[in-house]
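Predicted, not measured: the structure shown is a model, and the values here were computed from it. Both counts, for ligands and for their atoms, begin at 1 and track the order of listing.
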Amino acid sequence: RVKGDGRNGWCYYRAEMDEQLQARVEMERDLKIALAEGQFQLYFQPLLNLDSGDIVSFEALLRWHHPVTGMVSPAVFIPLAEDCGLIGALGEWVLREACRQAAAWPQPWRIAVNISPLQFRHGSLPGLVRKTLKATGLDARRLELEITESVLLADETHNLKVLNQIKGMGVRIAMDDFGTGYSSLSYLRTFPFDKIKIDQSFVRDLPHDRNATSIIRAITEMARSLGVEITAEGVETPAQLDALRAMNCREAQGYLIGRPAPGIEAYAPRKCA
Ligand code: C2E
Ligand code: MG
Ligand code: MG
Ligand code: MG
């Protein structure tokens with residue numbers, strides 16, 4: 001800022017930026033190796049139907065076991081994979097692995113797979129979904145794709161076409177992190193989602209916060225009149241679950257019901273000896 005220390009200040013920030021850039025370059029290089037070396041794994045988190053008390057579905061959540069730094073969060077490496085052009089290959093792996101595992105489950109549970117906005121741009125998603133279902137033998141009706149509204153931001157007409165092709169196969173589409181974007185409502189009008197997932201930032205403030213309660217109640221009522229299913233994300237306490245039940249929310253997901261885990265064995269029906 002001041003002339004006198006400007007040079008030092010500049011040097012300091014430059015060194016810090018170099019370090020950040022360096023770390024990023026290294027992680028991008030490691031990401032490319034990771035796919036080839038099998039360092040990725042899917043975890044599964046259950047979704048509970050509050051009417052029936054049954055587990056009805058699992059969301060696949062990607063994990064990266066980095067050989068040096070340990071577990072890296074998808075919140076960190078998904079954006080990197082998008083930047084370095086790896087998201088296509090990674091997304092393809094996730095979809096195939098999720099469908100392959102779900103096809104072998106002992107119950108007809110659904111599998112929900114997160115799709116990066118960039119996977120839409122390149123237009124080949126319907127083909128990939130069709131190919132993957134065929135290769136794994138998974139019934140299309142058991143697959144649900146989770147997208148955030150940013151998917152629809154870029155080229156709405158193209159993306160709507162892509163989503164409609166996928167829906168046409170019998171695959172379900174859920175809007176993830178509902179309420180966090182700028183135009184969630186307008187997308188509900190434009191595109192017939194099968195499900196809305198209320199973002200965990202609203203659920204976190206239940207049951208005492210009146211604003212969060214009002215917003216969730218409004219979303220669940222709107223979803224019901226639109227004929228769209230609804231899931232609350234990030235349910236951590238019995239009090240939150242009670243509040244959601246009272247608002248006629250149909251499905252819940254969160255640590256209270258089950259943490260993401262590498263397998264679904266904990267939920268499989270017990271075999272009698
Ligand atoms: P998301 O799709 O909204 O997934 C929900 C996130 O909330 C997961 O974080 C999950 O572990 C976490 N969560 C679940 N229950 C609770 C709870 O009760 N409390 C709290 N505090 N958190 C809870 P995770 O696994 O770290 O994933 C973060 C995000 O990364 C996901 O958000 C999704 O956007 C993205 N992601 C994960 N796997 C994939 C993938 O295979 N492909 C793509 N494109 N994105 C993925
Ligand atoms: Mg999700
Ligand atoms: Mg979410
Ligand atoms: Mg999220």
What I want to check is whether the side chains of Asn114 and Glu59 have a donor and an acceptor closer together than 3.5 Å.
yes
Angle in degrees, rounded to 10°, that OD2 of Asp176 and OD1 of Asn114 form at the Mg ion (ligand 2)
90°
With a sphere of 6.0 Å drawn around CZ of Arg141, does it hold more than 12 non-hydrogen atoms of other residues, nucleotides or ligands?
no
Is there any N or O on Gln200 that sits under 3.5 Å from an N or O of ligand 1?
yes
Would Gln253 count as a contact of ligand 1 if the rule is a heavy atom under 4.0 Å away?
no
Give yes if a backbone or side-chain nitrogen or oxygen of Leu61 is under 3.5 Å from a nitrogen or oxygen of ligand 1, and no if not.
no
Sequence neighbours excluded and cut-off under 3.5 Å, please list the side-chain donor-acceptor pairs for residues 27-43, or say none.
{"residue": "Asp30", "atom": "OD2", "partner": "His66", "partner atom": "NE2", "Å": "2.7"}
{"residue": "Gln39", "atom": "OE1", "partner": "Trp64", "partner atom": "NE1", "Å": "3.0"}
{"residue": "Gln41", "atom": "OE1", "partner": "His65", "partner atom": "NE2", "Å": "2.7"}

Please could you name the atoms of ligand 1 that Ser116 approaches to less than 4.0 Å, counting only its heavy atoms?
44 (N)
Heavy atoms of Glu146 and Ala112 approach each other most closely as OE2-CB, 3.5 Å
Nearest 0.5 Å please: distance from the CD atom of Glu251 over to the CG atom of Leu50.
8.0 Å
Find, among atoms of Glu59 that are N, O or S, the one nearest to the Mg ion (ligand 2), and state its name.
OE2
Residue Glu146 atom name (nearest to the Mg ion (ligand 2); N/O/S):
OE1
Taking 4.0 angstrom as the limit and counting only heavy atoms of Glu233, give me the atoms of ligand 1 inside it, by number and element.
3 (O), 5 (C)
Applying a heavy-atom cut-off of 4.0 Å, say which part of Val94 lies close to ligand 1: side chain, backbone, both or neither.
side chain
Identify which of Asp176, Ile78, Val203 has a heavy atom lying nearest to atom 2 (O) of ligand 1.
Asp176
Output the list of atoms in ligand 1 that are nearer than 4.0 Å to some heavy atom of Pro260, sorted by atom number.
11 (O)
Close approach, Arg204 and ligand 1, non-hydrogen under 4.0 angstrom
no
Between Glu97 and Arg100, is there a salt bridge with N-O shorter than 4.0 Å?
yes
Could you walk me through whether Val171 and Lys167 pass the side chain to side chain contact (heavy atoms under 4.5 Å, CB included) check?
CA-CA 5 Å; Val171 173; Lys167 264 197 79 147; over 6 Å; no
Will you find, in the side chains of Glu144 and Ser57, an N or O donor that is under 3.5 Å from an N or O acceptor?
no
With a cut-off of 2.8 Å, does any N, O or S atom of Asp177 fall short of it relative to the Mg ion (ligand 2)?
no
Side chain to side chain contact (heavy atoms under 4.5 Å, CB included) for Val129 and Leu143? Distances and angles first, verdict last.
CA-CA 10 Å; Val129 169; Leu143 177 62; 4.1 Å; yes
Does ligand 1 have a heavy atom under 4.0 Å from the side chain of Leu90, from its backbone, from both, or from neither?
neither
Sorted by chain and number, sequence neighbours left out, ring pair (Phe, Tyr, Trp, His ring centres under 6.0 Å) with Phe44 holds for Trp105
Taking distance alone, with N or O pairs closer than 3.5 Å, would you say Gln45 contacts ligand 1?
yes
Is any N, O or S atom of Glu233 under 2.8 Å away from the Mg ion (ligand 2)?
no
Quick check on contacts: which atoms of ligand 1 are under 4.0 angstrom from a heavy atom of Gly254?
15 (N), 18 (O)
Which ligand 1 atoms, with their elements, are less than 4.0 angstrom from a heavy-atom of Glu236?
17 (C), 18 (O), 19 (N), 20 (C), 21 (N)
Without hydrogens or angle criteria, can the side chains of Gln240 and Glu236 be said to hold a donor-acceptor pair below 3.5 Å?
no
With heavy atoms only and a cut-off of under 4.0 Å, state how Glu59 meets ligand 1: side chain, backbone, both or neither.
side chain
Does the distance from a Lys or Arg side-chain N to an Asp or Glu carboxylate O, for Asp51 and Arg250, drop under 4.0 Å?
yes
